Undergrad: 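This is the structure, below, for whatever I ask next.
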Number of protein chains: 2
Amino acid sequence: MLIMLTFIGKSLFFHSMNSAISLSHTLSSEITETLRDAIITGEIKQGSKLSETRLSKQMDVSRGPLREAIRNLEGMNLVHSIPQQGARVVEISLELILQIYDAREALESKAVALAARNMNSTDIDELHRLIDAQVKHLTENSGVFIPAESDYAFHEMVIRGSKNKVIIHALLHEIYYLIKMFRYQNEEAQSSSTNALIEHRQILYAIEQRDPVLAEITMKQHIVHAREKINRRMLERQNK
Amino acid sequence: MLIMLTFIGKSLFFHSMNSAISLSHTLSSEITETLRDAIITGEIKQGSKLSETRLSKQMDVSRGPLREAIRNLEGMNLVHSIPQQGARVVEISLELILQIYDAREALESKAVALAARNMNSTDIDELHRLIDAQVKHLTENSGVFIPAESDYAFHEMVIRGSKNKVIIHALLHEIYYLIKMFRYQNEEAQSSSTNALIEHRQILYAIEQRDPVLAEITMKQHIVHAREKINRRMLERQNK
DNA sequence: TACGCAAATAATGTTGACATTAATTGCGTA
DNA sequence: TACGCAATTAATGTCAACATTATTTGCGTA
């Protein structure tokens, strides 16, 4: 497959999403991943049309696998297609990102409550390592922000710790891609504050104490804070 | 399209799900709906393989639209496909249905909290009508159960009342089909108890009072009760 | 009999062509 | 110039054939 899009390769950023490296790489799954990343980075703009004929020529593939890829992206909530009219990339308005965070709040606070019950000690050790890495990053860079990838790694670990297939799928496959897309394309949302690290620590503490209620409350707060921050910043930007 | 499957037409039961009747019915969307209903009713058995060649012959369509339909069903969590191996209908184990209800609990309790804020008086009137119908059904049949369709109608109305696209999609498109499938194929789970009606009334009361916290708690209880009931009945059945 | 390997069979993956529908262009008229 | 309609163009929807990969069958051997 000749990729004519300027997007090249996959950063570590995206790899964290796919825990199982796909052994049998079918063409349509390759197209799915390429387009997914191009949409998240904004290389393919929000609201733009995914023309089958144009893309199939650009990427040098037939329309069959391309159509399947578009269906896959639809399942990730990244595109929306209308019969006889084609598919368009989702536009993330302020209203939508706030709704996304409401859904995330509901699912991820439940996820961490389940994680407090279901995570084993190996999982918890891994969480410690991730937080230590965040601490290390802060001290070494004497900064006030932790990078987005590191933030995702922590949350993904917690989500998987719930051991609930439905919740894991809903969050990682249908909500987080949208969140990554939004954050990647809004510089002010790309990194997390030191407050986030403190909250991560509180979440980990609750999990270690096997306290689902505390874990849930803490996670809910954590996500509400992030939501409010987005709301504030976006309104500021609109008033400029 | 010649439907060779014994399943014929769509009952009111299924229609309640699709608020917008699709005007431009493309072949692949027809196939999707036919297969979806056949899977929910159990006409196509859990765990069975959706062979493209066999189905395309049976339904007298080419494999193209059929493959797209299978992708759509995958997005509804009704089938799971493995590259180079094909798609199989999901098997709803006790563990899975409990996980589904955990996800539902998280999302729908949030949905009703949002509905308490966002529903308008017309929406609320409609909820009253739905509950009145349930009351009427009970008195006329002097029974102790309300039919599943009536239960779904109430919950769908509340979910849509949240006005949150992401939550609506996650619940109606990725969780409720699984729940319908489970309930349809487990006679003991097909109808709801009179307790459910009482709880519906409490939920409606909370919405009318514009009390998101009360609404959320009540809905959570309602779903937890349903989950526990399923757990009890399934364990009983296993011990027989 | 049980096991493993190779041939045969059937499935999924992919492609290009055709059919049908939507979008565009350009002409004519008010 | 602005508007509406018809012809053209281009897009999406569908199909049948081919390519590639799994699965099955059946033979031979331990």
Side-chain angles (χ1 to χ4, degrees), chain A residues 1-5 18 20-36 38-39 44-45 47-76 78-90, chain B residues 1-5 18 20-36 38-39 44-45 47-76 78-90:
Chain A
M1 173 175 62
L2 177 61
I3 301 173
M4 297 286 285
L5 302 164
N18 313 318
I21 286 111
S22 56
L23 298 168
S24 64
H25 50 280
T26 156
L27 182 53
S28 72
S29 71
E30 267 188 57
I31 299 173
T32 302
E33 290 172 19
T34 303
L35 290 179
R36 178 198 65 194
I39 289 171
I44 300 180
K45 290 195 182 73
S48 68
K49 187 170 175 184
L50 293 181
S51 162
E52 293 176 10
T53 44
R54 185 175 49 78
L55 280 175
S56 66
K57 282 173 191 168
Q58 276 184 8
M59 301 175 82
D60 194 34
V61 294
S62 67
R63 279 176 52 229
L66 183 64
R67 281 173 70 90
E68 290 200 19
I70 289 176
R71 285 293 154 97
N72 289 338
L73 295 171
E74 220 179 334
M76 301 174 186
L78 291 178
V79 311
H80 178 71
S81 44
I82 300 172
Q84 318 280 22
Q85 288 193 27
R88 287 187 174 279
V89 177
V90 162
Chain B
M1 174 174 64
L2 176 64
I3 300 174
M4 297 286 284
L5 301 164
N18 311 320
I21 286 112
S22 56
L23 298 169
S24 64
H25 49 280
T26 158
L27 181 55
S28 72
S29 70
E30 268 188 55
I31 300 173
T32 302
E33 290 172 19
T34 303
L35 289 180
R36 178 198 66 193
I39 289 171
I44 300 179
K45 290 197 184 72
S48 68
K49 187 171 175 184
L50 293 181
S51 163
E52 294 177 10
T53 44
R54 185 176 49 77
L55 281 176
S56 66
K57 283 174 191 167
Q58 278 186 8
M59 301 175 83
D60 194 33
V61 294
S62 69
R63 279 177 52 230
L66 183 64
R67 281 173 69 88
E68 289 200 21
I70 290 175
R71 284 293 154 96
N72 289 339
L73 295 170
E74 220 178 335
M76 302 175 186
L78 291 179
V79 311
H80 178 72
S81 45
I82 300 173
Q84 320 280 22
Q85 289 191 23
R88 287 187 174 278
V89 177
V90 162

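Remember, it's a predicted structure, so these values are computed and weren't measured experimentally.
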Undergrad: Quick check: closest heavy atoms across B:K45 and B:V89, and the distance to 0.1 Å?
TA: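 Taking B:K45 first and B:V89 second, the nearest heavy atoms are O-CB, 3.5 Å.
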Undergrad: Between D:dC15, C:dT12, D:dG13, spot the one nearest the side chain of B:L27, thanks.
TA: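 Per side-chain heavy atoms of B:L27, the pick is D:dC15.
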Undergrad: Quick one: closest heavy-atom pair of B:I39 and B:V79, and the distance?
TA: CD1-CG1, 3.7 Å
Undergrad: Could you go through nucleotides 6-11 of chain C and list every protein N or O atom that sits under 3.5 Å from one of its N or O atoms, giving the distance for each pair?
TA:
unit_1, atom_1, unit_2, atom_2, d
C:dA11, O5', B:T53, OG1, 3.2

Undergrad: In whole angstroms, how far is the C1' atom of D:dT23 from the CZ atom of B:R88?
TA: 12 Å
Undergrad: Between C:dT15, D:dA22, D:dC15, which one does the side chain of A:P65 approach most closely?
TA: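 The answer is C:dT15.
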Undergrad: If you take all heavy atoms of A:P65 and A:S28, which pair is closest and at what distance?
TA: O-CB, 3.6 Å
Undergrad: Report yes or no: does B:S29 contribute a side-chain atom to a donor-acceptor pair with the main-chain N or O of B:H25 at less than 3.5 Å?
TA: no
Undergrad: If you look at every heavy atom in A:I31 and A:A69, which pair is closest and at what distance?
TA: CG2-CB, 3.6 Å
Undergrad: Which atoms form the tightest heavy-atom contact between B:R88 and B:G47, and what is the distance?
TA: NH1-O, 2.8 Å
Undergrad: Given C:dG16, is OP1 or OP2 found less than 4.0 Å from the side-chain N or O atoms of A:R63?
TA: no
Undergrad: Taking the side chain as C-beta and beyond, is there a heavy-atom pair between B:L73 and B:T32 under 4.5 Å?
TA: yes
Undergrad: Roughly, in whole Å, what's the span from CG in B:N72 to P in D:dG13?
TA: 11 Å
Undergrad: May I ask you to verify if any side-chain N or O of B:R67 is less than 4.0 angstrom from the OP1 or OP2 atom of C:dG13?
TA: yes
Undergrad: Distance check needed: D:dC15 P versus B:L55 CG, whole Å only.
TA: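 Atom-to-atom, B:L55 to D:dC15, this comes out as 15 Å.
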Undergrad: Check the pair A:T26 / A:E68 against side chain to side chain contact (heavy atoms under 4.5 Å, CB included), numbers first and verdict last.
TA: CA-CA 11 Å; A:T26 156; A:E68 290 200 19; over 6 Å; no
Undergrad: When all nucleic acid strands are considered with a 4.0 Å heavy-atom cut-off, which category describes B:G64: base, sugar-phosphate, or nothing?
TA: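 No contact.
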Undergrad: Do the side-chain N or O atoms of B:T26 get closer than 4.0 angstrom to the phosphate oxygens (OP1, OP2) of D:dT14?
TA: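 True: B:T26 side-chain N/O within range (under 4.0 Å) of D:dT14 OP1/OP2.
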Undergrad: Quick test of your reading of the model: are A:R71 and A:E74 salt-bridged, counting only N-O distances below 4.0 Å?
TA: yes
Undergrad: Which nucleotide in the set D:dG13, C:dG16, D:dT21 lies at the smallest distance from any side-chain heavy atom of B:Q84?
TA: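 The answer is D:dT21.
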Undergrad: Tell me, which stems hold DNA chain C, with a stem being 3 or more Watson-Crick or G-U pairs in a row and both distances under 3.5 Å?
TA: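 Ordered by first number, the stems with DNA chain C (at least 3 consecutive pairs each) read C:1-30 with D:1-30.
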